[in-house]
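One structure is given here, and the rest of the page talks about it.
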Amino acid sequence: MTTSFDIRLARGSVLTGKWKKGQYRVERLLGEGANGKVYLVEHLGRHYALKIGGDAVDLQSEINVLQSLAVQKKGAEPFLIAVDDFRHQDGKEYPFYVMRYVKGSNLNEFLHREGADWFPLIGFHLLGRLAALHEAGWAFGDLKQENVMVGEFGRVELVDYGGVTAAGKSVRQFTEIYDRGYWNGGTRTAEGSYDLFSFAVLCIQQFEGKRLLQLTQTLLPQNRNIEELLKLAAASPTLKPFNGWLDQALKGGFSSAREGAAAWQRLMYGPGVRMRRQKGSGWVKGLFTASMVVLAATVVWMFAEGVIPDGLW
Amino acid sequence: MRQILLITDGCSNVGMSPVVAAAHARSEGITVNVVGVLDNNEEASMAGREEIADIARAGGGLSRIVHERQLSQTVQLMTRKTVVTTIQQAVNRELKQVFGADAIEELPPEKRGQVVRVIDDLGETSDLKVALLIDASASMKPKLAAVEEAIRDLMLSLQARSGRSEIAVFHFPHSSSGDDCMCDLDWTDNLTGMRSIIPKLQMRGTTPTGPALMQVIDFYGKGGYGRTTRRETDGISGDYVV
Ligand SMILES: Nc1ncnc2c1ncn2[C@@H]1O[C@H](COP(=O)(O)OP(=O)(O)O)[C@@H](O)[C@H]1O
Ligand SMILES: [Mg+2]
């Protein structure tokens, strides 16, 4: 539930943590949502994102998730940097945490600016992120445009861990139009297929957003269903190659996001390069053998020239 | 944990004050939440707003005024938030002894993390009952479809919890008999296959919110129709909340 929370931090102001005394200089607001505001801050000469919230328990739940994730992937660059409280001039205390600053823009902004050509690759990267989260025992929960950040070369990072839920529990936070339950498509249990459903809606929202909105305003609740979503997907030229995939994702047909990602990857390159002759014909076999000979010769040559160090083989 | 969720769109006009009734609920360990529902271009009256806020305050719960479209989401979020708050209040009582702090906010971040983990875990696993009390006076008639939808949506969310979760549904005024309130659905954890929850009604003009609340409190005490009285034993309801 959104609690009335209206703290505004001025550019240039410095937050000092109550417990750890770390200092964070505010540069600008990066975004806000139901649970808090996120500012770009400078700390010890580096940029970070600082999320400040109104409700200590809500924010702490999110921090707990981030901490569990950090323990699970030791060695990687940490995402969660610091946790503390801040006493505002108004006399109230606000909890905050500091995380890695994710450069980039959200999915919607990125695709509008850089073009829909990026979509298949970004989708693939996003599925990879989800798969990693699932394999660590979580579901993302509140997957939506605003929570997907896209950086250079279509790299993807998820932000907003407020919906992240341990597998098998009830999804902690979700947004109606992305929610499987809303579309009468299944339970609200945190599991991989729940996120894949939201991912599919995200695709439709991205390219048929207007009609999706219209649908939510006109359909009676009992008539909301997967077939309606698929009809929208079928109308979008960008989604055309992915229609079968979306069908499967909406119906819970993938056993995991990893499997979903692999299926997506096979679709990314269109129908594929066509061979001139049928497989198995003597001519192709001959060509294959010939190319192996050329390859072997090349490798021998490379060794001779020292292009490939011995250790590699 | 026990909650009453009152869904209404105006002021009570007969019987005891709903604010007093809500205070009764609270002293029985039942939290009262109130949603004021407007059709999509209606404005809430001042008096209605005040009454809704007062009932929730007396009942230790939350109040919101929303349009039909937001009803499902509001009901779901409110119920969830109240579960967390109820546990939080119970935990706050223990904090003093364990950590010497008055509230979770006072704890240093590491300890806060431990406490919130316990809160989240209890929020997911403890037993929960939500009695929905629906104002079915004449002005609510066009909104009842949205109310039904919100009830189904709530059931779906509750079904994903690990703890036992049940709802019961009541409406008021009860059109024919002298009763103020009618039970449409006894405690259940499943609505699949159920065609309609709130029956097609002869609407009357009165809105006996207070008496209806009292009857739902009584129903809680009886543990449902035809069951013997029993006290909740999940350790969180009852005196903790007061
Ligand atoms: N680590 C981050 N780096 C950059 N931007 C971020 C980061 N975290 C959040 N944001 C931005 O702030 C917005 C709100 O943050 P979010 O955590 O989603 O808040 P809420 O939980 O309230 O929805 C996001 O949509 C995103 O644009
Ligand atoms: Mg967000």
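Note on naming: letters A, B, ... go to the chains in the order of the sequence lines (proteins, then strands), and numbering restarts at 1 for each one.
Heavy atoms of B:Gln70 lying under 4.5 Å from chain A are absent altogether. With a 4.5 angstrom heavy-atom cutoff, A:Tyr97 does not touch chain B via any of its atoms. When heavy atoms are compared at a cutoff of 4.5 Å, B:Arg80 approaches chain A solely by way of its side chain, counted from C-beta outward. For a residue to count as touching a neighbouring chain, one of its non-hydrogen atoms must lie under 4.5 Å from one of that chain's; by this rule B:Asp120 touches chain A with the side chain only. Both the backbone and the side chain of B:Ser157 come within contact range of chain A, judged by heavy atoms closer than 4.5 Å. Within the 4.5 angstrom heavy-atom criterion, no atom of A:Arg180 approaches chain B. Of the atoms belonging to B:Glu149, it is side-chain heavy atoms, and not backbone ones, that fall under 4.5 Å from chain A.
Applying ring-ring contact (aromatic ring centres under 6.0 Å, His included) to A:Phe79 and the options A:Tyr48, A:Tyr161, A:Tyr101 leaves one that passes, A:Tyr161.
A 4.5 Å side-chain heavy-atom check between A:Lys18 and A:Glu93 finds at least one atom pair inside the cut-off.
Highest contact tally toward chain B, considering only A:Ala190, A:Ser61, A:Ala56, is held by A:Ser61 [criterion: heavy-atom pairs under 4.5 Å]. Residue with the most contacts toward chain A among B:Glu105, B:Arg161, B:Arg117: B:Arg117 (heavy-atom pairs, distance under 4.5 Å). Contact count versus chain B (heavy atoms, under 4.5 Å) is highest, among A:Val171, A:Thr187, A:Leu220, for A:Val171. When A:Gln67, A:Gln173, A:Gln217 are compared by the number of non-hydrogen pairs under 4.5 Å with chain B, A:Gln217 comes out ahead.
Summarising the geometry, atom CG belonging to B:Leu133 is positioned 12.5 Å from atom CG belonging to B:Asn33; distances are rounded to the nearest 0.5 Å. With rounding to the nearest 0.5 Å, the separation of CD1 in B:Ile167 from CG in B:Leu185 is 6.0 Å. Rounding to the nearest 0.5 angstrom, the gap separating the OG atom in B:Ser196 from the CD atom in B:Glu148 is 5.0 Å. Expressed to the nearest 0.5 Å, how far CD of A:Glu135 lies from CG of A:Leu130 amounts to 10.5 Å.
Identified by a heavy-atom distance below 4.5 Å to chain A, the contributing residues of residues 107-115 of chain B are B:Leu107, B:Pro108, B:Pro109, B:Glu110, B:Arg112, B:Gly113, in residue-number order.
For the residue pair B:Asp39/B:His67, the side-chain donor-acceptor check at 3.5 Å is not satisfied. Of the N and O atoms on the side chains of A:Asp179 and A:Tyr194, at least one donor lies less than 3.5 Å from an acceptor on the other residue.
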Would you check, one step at a time, whether the test side-chain contact (heavy atoms from CB on, under 4.5 Å) holds for A:Glu208 with A:Ile204?
CA-CA 5 Å; A:Glu208 290 295 323; A:Ile204 296 167; 4.3 Å; yes

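B:Ala160 is linked by a side-chain contact (heavy atoms from CB on, under 4.5 Å) to A:Ser170, A:Arg188, A:Thr189, counting only residues two or more places apart in sequence or in another chain.
Residues A:Phe96 and A:Tyr39 place their aromatic rings such that the two centres sit no closer than 6.0 Å.
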